[in-house]
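Read the structure below first, then the notes.
Below, read A as the first sequence line, B as the second, and so on, with proteins coming before strands; counting in each chain starts at 1.
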Protein chains: 2
Amino acid sequence: MKNIIEILKEKDIAPSMQRIKILEYLQNYKTHPTADMIYQALADEMPTLSKTTVYNTLKTFTEKGVLVALSLFENEVRYEYTKEPHIHFKCTKCGRIYDVLKTFKCLKNENIEGHQVIEHHVNLRGICKNCLEKVED
Amino acid sequence: MKNIIEILKEKDIAPSMQRIKILEYLQNYKTHPTADMIYQALADEMPTLSKTTVYNTLKTFTEKGVLVALSLFENEVRYEYTKEPHIHFKCTKCGRIYDVLKTFKCLKNENIEGHQVIEHHVNLRGICKNCLEKVED
DNA sequence: TACAAATTTGTAATCGTTACAAAGTAGTAT
DNA sequence: ATACTACTTTGTAACGATTACAAATTTGTA
Ligand SMILES: [Mn+2]
Ligand SMILES: [Mn+2]
Ligand SMILES: [Zn+2]
Ligand SMILES: [Zn+2]
């Protein structure tokens, strides 16, 4: 909890209760949730929480570099509390999103064919380990 | 024109006028357009064209493997007539999407950490060659 | 020509997201 | 304490992309 407040202050974000809870959720649940999933999860313990606040907060966090917004598939935005660079795998069966640790040459800050790269995303899609095992049964 | 009809028949898609025009557009314009861009472009010469038809057609084409749907950024779906594997660069200034020919190890059909990969997308974002030159002026 | 199947069309509905203005909160000066 | 200000949150309405749906049209075939 103390840690979260420090993180926000370092980024010049006032640590309101809503902001703390949202960042705490993203630190605890590494499921790459959508804005709506975060809202649904927090609505129980914060009955007055507004979905607009979730959207506003996620936007602020992303702009200040606290979170990373992911455009994977099915055009919905997903959020994660960012650490080291990694790539993503989304399962077409269960919808789960996995972090894949496979190393890749990140082109961030490099110049590719004359273009200056600022973000580099690698998105895989297929059938996850879990769902493959189920089919075998 | 003849070519397009053959492509559709090979994929068991009846070559209606609408489908021919839409595929023709995607063959001629490598701009990775959205459904709406395609609709706007064709509406002039096909006044009765319905946007629903564009969406239906793009869905059919994607399911049958004629086109590839791209989820880049800003959660909007873009379409391209697919050839060799390549990666994409989207400019934050002008919004243009570039094909980048840089080789990369495509993981399609491979097994990564137990997951079976079916699609592999690499998305770059930054400032394109064109926009970089403009800033220098 | 008749009929069934496929395709297209227009409209309404849905979903994720954003705009906006009112209400609430917190810090500061008086 | 009070008043003022800036910031944050909230609820509602609006928006844009996409989908659902059923009627109308076209197509292929008997
Ligand atoms: Mn991740
Ligand atoms: Mn391309
Ligand atoms: Zn799965
Ligand atoms: Zn540009």
Side-chain angles (χ1 to χ4, degrees), chain A residues 4-5 8-9 11-25 31-64 66-79 90 95 97, chain B residues 4-5 8-9 11-25 31-64 66-79 90 95 97:
Chain A
I4 291 178
I5 293 175
L8 294 178
K9 283 184 176 171
K11 303 277 188 173
D12 285 315
I13 302 168
S16 71
M17 179 59 71
Q18 290 84 346
R19 287 168 175 168
I20 290 168
K21 288 292 184 187
I22 289 171
L23 183 50
E24 188 181 38
Y25 183 85
T31 55
H32 310 83
T34 62
D36 190 65
M37 289 171 189
I38 296 167
Y39 171 75
Q40 296 300 337
L42 297 180
D44 284 339
E45 58 170 323
M46 303 179 74
T48 67
L49 179 66
S50 165
K51 199 177 279 190
T52 299
T53 299
V54 177
Y55 277 103
N56 289 343
T57 301
L58 293 171
K59 190 179 181 207
T60 302
F61 285 1
T62 303
E63 285 171 355
K64 301 269 185 159
V66 178
L67 298 180
V68 173
L70 306 175
S71 294
L72 299 184
F73 303 95
E74 278 88 46
N75 62 282
E76 60 187 359
V77 181
R78 288 169 173 273
Y79 295 88
K90 178 164 187 179
I97 294 167
Chain B
I4 290 179
I5 292 174
L8 294 178
K9 283 184 175 170
K11 303 275 187 173
D12 285 314
I13 302 168
S16 70
M17 179 59 71
Q18 289 84 346
R19 287 168 174 167
I20 291 169
K21 288 291 184 189
I22 289 170
L23 182 51
E24 188 182 39
Y25 183 84
T31 55
H32 311 84
T34 62
D36 191 64
M37 290 171 188
I38 295 167
Y39 171 76
Q40 297 299 338
L42 297 180
D44 284 339
E45 57 171 324
M46 303 179 75
T48 67
L49 180 65
S50 165
K51 199 177 281 190
T52 299
T53 298
V54 177
Y55 277 103
N56 288 341
T57 302
L58 293 171
K59 190 179 182 206
T60 302
F61 285 1
T62 303
E63 286 171 354
K64 302 268 186 160
V66 178
L67 298 180
V68 173
L70 306 174
S71 293
L72 299 184
F73 303 94
E74 279 89 46
N75 62 281
E76 61 186 358
V77 181
R78 289 169 172 272
Y79 295 88
K90 178 163 186 178
I97 294 167

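Distances shorter than 4.0 Å separate some side-chain N or O of T53(B) from OP1 or OP2 on dT9(C). An OP1 or OP2 oxygen of dT26(D) is reached within less than 4.0 angstrom by no side-chain nitrogen or oxygen of Q18(B). Residue S16(A) places at least one side-chain N or O closer than 4.0 Å to OP1 or OP2 of dT9(D).
In this structure, CG of L58(A) is placed 12 Å from P of dT9(D), rounded to the nearest angstrom. One can place OH of Y39(A) at 15 Å from P of dT17(C), the figure rounded to the nearest angstrom. To the nearest angstrom, P of dT7(C) lies 16 Å from CG of L49(B). Atoms CE (M17(B)) and P (dT27(D)) sit 9 Å apart, rounded to a whole Å. In this structure, E76(A) atom CD and dA17(D) atom P are separated by 18 Å, rounded to whole Å. With rounding to whole Å, N56(A) atom CG is found 11 Å from dT17(C) atom C1'. Remark: C1' of dT7(C) and CD1 of I20(B) are 13 Å apart, rounded to the nearest angstrom. Here the C1' atom of nucleotide dA13(C) and the NZ atom of K51(B) are 16 Å apart, to the nearest Å.
Across all strands shown, T48(A) has heavy atoms under 4.0 Å from sugar-phosphate atoms exclusively, and none from any base. Across all strands, D36(A) comes closer than 4.0 Å to no nucleic acid atom at all (heavy-atom distances).
Here dT19(D) is the nucleotide among dT17(C), dT19(D), dT8(D) with the atom lying nearest to any side-chain atom of Y55(B). With distances taken from any side-chain atom of V77(B) to the nucleotides dT8(D), dT18(D), dT9(C), the minimum falls on dT18(D). Ranking dT9(D), dT10(D), dT8(C) by closeness to the R19(A) side chain, first place goes to dT9(D).
Taking the side chain as every heavy atom from C-beta outward, P15(A) and K9(A) approach each other to under 4.5 Å. Taking the side chain as every heavy atom from C-beta outward, F61(B) and L8(B) approach each other to under 4.5 Å. Two residues are said to be in side-chain contact when any heavy atoms from C-beta on lie closer than 4.5 Å; H32(A) and K90(A) fail this criterion.
Comparing R78(B) and S50(A) against DNA chain D, the residue whose closest nucleotide sits nearer the 5' end is S50(A). Of the two residues near DNA chain D, K59(B) and N75(B), the one whose nearest nucleotide lies more 5' is N75(B).
Note: Y79(A) OH to T31(A) OG1 = 14.0 Å, rounded to the nearest 0.5 Å. The distance from atom NZ of K21(B) to atom CG of L42(B), rounded to the nearest 0.5 Å, is 8.0 Å. In this structure, CD1 on I13(B) lies 9.5 Å from CD on E63(B), to the nearest 0.5 angstrom.
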message: Let's test your reading of the pairing rules: Watson-Crick or G-U wobble, both distances under 3.5 Å, then write DNA chain C as a dot-bracket string with ( ), [ ], | and dots.
response: ||||||||||||||||||||||||||||||
query: Where do L23(B) and L67(B) land on the side chain to side chain contact (heavy atoms under 4.5 Å, CB included) test, with the steps shown first?
result: CA-CA 9 Å; L23(B) 182 51; L67(B) 298 180; 4.2 Å; yes
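Taking 3.5 Å as the limit, the base of dT18(D) and the side chain of T52(B) contain no donor-acceptor pair of atoms between them.
Put simply, the side chain of R19(A) never gets that close to the backbone of T57(A): no donor and acceptor are under 3.5 Å apart.
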